[in-house]
Amino acid sequence: MKHFLDTQDFSRGELLRMMALIGLLKRADKQGALPPLLAGASLGMIFEEPSTRTRVSFEVAMTKLGGHALYLKPGEIHLGERENIKDTSQVISRMVDAIEARTLKNKTLLDLAANATVPVINGLTDYNHPTQVVCDVFTMLEHKLPEKELSDLRVVFIGDATNVCASLLMMCTRMGMHFTHVAPPKYQAPEAWQRIGRENCAVSGGSLTISDDPVASVRDADFIYTDLWWWVGQEAEIPERRAAFMPRYQVNLALFEAAPPHARMMHCLPASRGVEATDAVLDHPRSIIYDQSENRLHTEKAILVTFIHPRLRKPPEALRQWHAGQIHSFLSEPALESAP
Ligand code: CP
């Protein structure tokens, strides 16, 4: 069973094809001419954490493609409380065509996938966020200078080594792009991620740089990207993290203006405005944060079509009519009298 858990599970060619499909589906949608490719299909969406973009984009994508999505929020299904992952995964698989899951732990997602009999799509874990970064590189292709190729693009991620940072490092290096992570040494991408990135670069021709110098790093950036400096569960670390990142690693106007005049500002959102980035750059004319968010919708459509459409049954019309005849004939018979 093929799942969408990590961009590392896909070749550069497969990821390029996925992004080409995003473009086709986006164009069709913009013209109100999206085919109902997933008519009758259902997506189970498990969320152990809150979400705005991921939840809305997957649900709307299913509706636009003619299918249906179920939001399975914490406390409303038994997962992890009164039912183990295997049973939940097996049961939901019998009823839906794919499962999207945002889990606190990556292991929960992997266990769901190991037991599922339908495709499982990663909606973010404590390790990675692959749908976000396929969307991000697609967005970069839309906003790059026309004379630049994908392999020319320089992406500078400034801030904590978040799950988005992990996925972006792996996606960019896999695609042959040039990725720099800029952070204080304690918060830089761990060696395990760097090893994956270097292995990607050896195949793709891309590059990976780790730096603690924001100003020098943005000098040739095409895209500057940042993410939250702390997340739920890291509240006790806020004073230490704030002291480590502020003010040197904040993406503010002074840092943004050290980049080339074509450089674009990116953030996966949600943002802590005034912390990792200021309003002046998030709302800058060269900020593309809302294009990124919108492209989550088009990306989810492409991922859903890629994984669900080939699995949908397309019965011959004669078979459909035969079953309809059987059922209508049954329904037209008088009902049995109930027992006294
Ligand atoms: N970027 C992202 O995944 O946003 P949500 O947490 O709102 O889904």
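Atoms considered below: every heavy atom in the structure, side chains included; atoms not considered: hydrogens, waters and symmetry mates. Start at 1 and go down the list; that is how both ligands and their atoms are numbered.
Remark: minimum distance from atom 6 (O) of ligand 1 to any protein heavy atom is reached at R102 NH1, 2.9 Å. Of all protein heavy atoms, the one closest to atom 7 (O) of ligand 1 is T52 N, 2.7 Å. In this structure, the protein non-hydrogen atom closest to atom 4 (O) of ligand 1 is R53 NE, 2.8 Å.
Heavy-atom contacts of H129 reach the following atoms of ligand 1: 2 (C), 3 (O) (cutoff under 4.0 Å). Close approach to R296 involves these atoms of ligand 1, each under 4.0 Å from a residue heavy atom: 1 (N), 2 (C), 3 (O).
Remark: of the listed residues K148, K144, R154, K148 is the sole one forming a side chain to side chain donor-acceptor pair (under 3.5 Å) with D222.
Within a 6.0 Å sphere centred on NZ of K107, heavy atoms belonging to other residues, nucleotides or ligands number 12 at most. Surrounding NE2 of H78 are at most 12 heavy atoms belonging to other residues, nucleotides or ligands under 6.0 Å away.
Under a 4.0 Å heavy-atom criterion, R55 is not in contact with ligand 1.
Heavy atoms of L269 found under 4.0 angstrom from ligand 1 belong exclusively to the backbone.
Y187 and F157 are assigned to two separate hydrophobic clusters, defined by single-linkage of ILVMFWY side chains at heavy-atom distances under 4.5 Å. Both F179 and I210 are part of a single hydrophobic cluster, where members link through side-chain heavy atoms under 4.5 Å apart.
Distances between N or O atoms of C268 and those of ligand 1 include at least one value under 3.5 Å.
A cation-pi arrangement is not found for R55 relative to F47, the charged atom failing to lie both closer than 6.0 Å to the ring centre and inside a 45° cone about the ring normal.
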